[in-house]
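What follows is a short report on a single structure.
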There are 2 protein chains.
Amino acid sequence: MSVLNVDKFQPGLSVDCVILGFHHNELKILLLKLKDLERWALPGGFVEKEEDVDKAAVRILRERTGLKNIFLQQFHLFGNVDRNEEAYADILLEKGIVDKELYDWLDQRFVTVGYYALVEYSRVEAPTPDYFSESCEWCSLSNLPNLWLDHGRILEKAHETLKRQLNYQPIGLNLLPPRFTMPELQALYETILGKTLDRRNFQRKMMGYGILIRTGERRTGGAHKSPWLYEFDEEKYRQGLADGLNAGW
Amino acid sequence: MSVLNVDKFQPGLSVDCVILGFHHNELKILLLKLKDLERWALPGGFVEKEEDVDKAAVRILRERTGLKNIFLQQFHLFGNVDRNEEAYADILLEKGIVDKELYDWLDQRFVTVGYYALVEYSRVEAPTPDYFSESCEWCSLSNLPNLWLDHGRILEKAHETLKRQLNYQPIGLNLLPPRFTMPELQALYETILGKTLDRRNFQRKMMGYGILIRTGERRTGGAHKSPWLYEFDEEKYRQGLADGLNAGW
DNA sequence: CTTTATTGTGTCTAATTGACGCAATAAAGG
DNA sequence: CCTTTATTGCGTCAATTAGACACAATAAAG
């Protein structure tokens, strides 16, 4: 038996996760540095034969981050034939990282399901590489390394989806610490959207959604006027997720 | 070899299409009546090993409707283990519709990719059943037959997706005849959304998108004042699809 | 104690949305 | 042939929302 019991898995199907965090006013993504290749990959894995695909995504996420109960959403299946065209398995076989059985498994045509996860950066204490990778690190979205296969495209699609969902879904509960300031929330929005927003209009709009609670406290320590600390009204937040925020029509 | 050369296909992966048309002010969906079962299924099929998944969807659509170049969009992968739990293959084997080889193929665990297509009802001249079905017909969305497996859920998800996309994407080019009246377009929107809209505000909003051209002509023949005929400005329409109509933020 | 950058609140205008009035019109019916 | 009727096209008005910006309050730094 190989390091992976390939018989356990659904053939030709994989899951890749775009795991996003927010730190120092930047969007970060968790990436794996592949062994013996100058490329990075999205955390991914295979789907067990007796496992729901959604569950596989949750498992993969837990394996890399140690987190469960996080926001995870399927966004696309990438199913082009030519998406597997990189002879990485050859290198793995050469280097003795995989045996022939696993090599053959990896060599088949794969379609992959993309999920994106929003996680609180600081809660990921020890990002863990998998068998095919030598490290697992947060990378800045604005300064990406060379990505493997079509993983750049997958990331791009996740980002597009997220941007669009910002228009009708709340965001932040899974990406920010439990308490945060309005400027922090705004910075998150601005980073995702890639543009600046008017501070005052942003506050008015956010408060209008009714998903924020102003705790009585302020964030002190920084220079200048100390901003209020907010937290999400989880009940209303969930309702916003389900019903949409300003649906139009 | 079975009626299907199963070796040609990617194992465990299928495509199902929600093919929607609009006729007599109702949304119609193309469904297949399964052989020897009182259930109906979405038009679907398998993905060839050397075939892009998107291409497979296009092929399946062409096989059932004869149409190509139609609007087709992937919306979700359905990957739960329990979605295959119906012993239809047993019946097929019993009745001699499939042989043992094909039976074994069908008996594996499948995940399916959902696509929805918007087609002009009248252009589908001879809906064609596949090997597993005895007929292929338009059914009214408001009066659905008993659906096979999770196909009801798949349809529901397609409908949800469509509803949401109405908020930021134009629709109708693929669903209506080349020329149509404003009330017809409104009826389409109302049907998809499942609610009535104000006639006058609808017109104002639609014209505001700038994707409609009023031809000089009117639809005559009906009683009452004859409405103008419109057509889509395909250039602007495509741009609306790409950039979104009223993106928010 | 002044300076400085930032935050909280409010205001004003323009644009959009929602509700509805009214005249024009095409066929049907007496 | 003229009235009736349901429908279409266009317009108006108020309410709401969005965009731009002014100003006072504030916390730390100098």
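Below, read A as the first sequence line, B as the second, and so on, with proteins coming before strands; counting in each chain starts at 1.
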Of the nucleotides C/dT17, C/dG18, D/dT8, which one has an atom closest to the side chain of B/Lys205? C/dT17
A/Trp228 six-ring face occupied by A/Arg218 cation (under 6.0 Å, within 45°): yes
Any side-chain N or O of B/Arg204 below 4.0 angstrom from OP1/OP2 of C/dA15? no
Quick one: B/Met206 CE to C/dT17 P, roughly how many Å, whole number? 13 Å
Taking 4.0 Å as the cut-off, does a side-chain nitrogen or oxygen of B/Gln203 come that near to OP1 or OP2 on D/dC10? yes
Listed in order of residue number, which residues of residues 184-192 of chain A have a non-hydrogen atom at under 4.0 Å from DNA chain D? none
Within residues 215-232 of chain A, find the residues that approach DNA chain D with a heavy atom at under 4.0 Å, and present them sorted by residue number. A/Gly221, A/Gly222, A/Ala223, A/His224, A/Lys225, A/Ser226
Just checking, any donor-acceptor pair under 3.5 angstrom between side chains of A/Asn80 and A/Arg83? no
Atom pair distance, as rounded to whole Å: CG in B/Asn167 and P in C/dT17: 11 Å
Is a salt bridge present between B/Lys28 and B/Glu26, judged by a nitrogen-to-oxygen distance below 4.0 Å? yes
Indicate yes or no: does A/Glu231 engage A/Arg214 in a salt bridge with an N to O separation below 4.0 Å. no
When the ring planes of B/Tyr121 and B/His23 are compared, do they come out parallel, tilted or perpendicular, using 30° and 60° as the limits? parallel
Using both distances under 3.5 Å as the test, list the Watson-Crick or G-U wobble partner of D/dG11, or none. C/dC20
Interatomic distance where CZ belongs to A/Phe180 and P belongs to C/dT7 [whole Å]: 15 Å
Please walk me through it: do B/Thr215 and B/Glu217 pass side-chain hydrogen bond (donor to acceptor under 3.5 Å, both in side chains)? CA-CA 5 Å; B/Thr215 73; B/Glu217 296 168 51; 5.2 Å; no
A/Thr65 side, atom OG1; A/Glu120 side, atom CD - distance, nearest 0.5 Å: 12.0 Å
Angle between ring planes, A/Phe232 versus A/Tyr237, binned at 30° and 60°: parallel, tilted or perpendicular? perpendicular
Salt bridge flag under 4.0 Å for residues B/Arg59 and B/Glu63: yes
Rounding to a whole Å, what distance do you find between B/Arg199:CZ and D/dC10:P? 11 Å
Find which nucleotide of DNA chain C each of A/Met182 and B/Arg200 is nearest to by heavy atoms, and output the residue with the more 5' nucleotide. A/Met182
Length of the CG-P vector between A/Leu197 and D/dA20, whole Å: 11 Å
Counterpart base for D/dA29, defined by Watson-Crick or G-U wobble contacts under 3.5 Å: C/dT2
Nearest whole angstrom, please: distance from the P of C/dG10 to the CG of A/Asn201. 14 Å
Rounding to an integer number of Å, can you tell me how far A/Asp198 CG sits from D/dA22 C1'? 12 Å
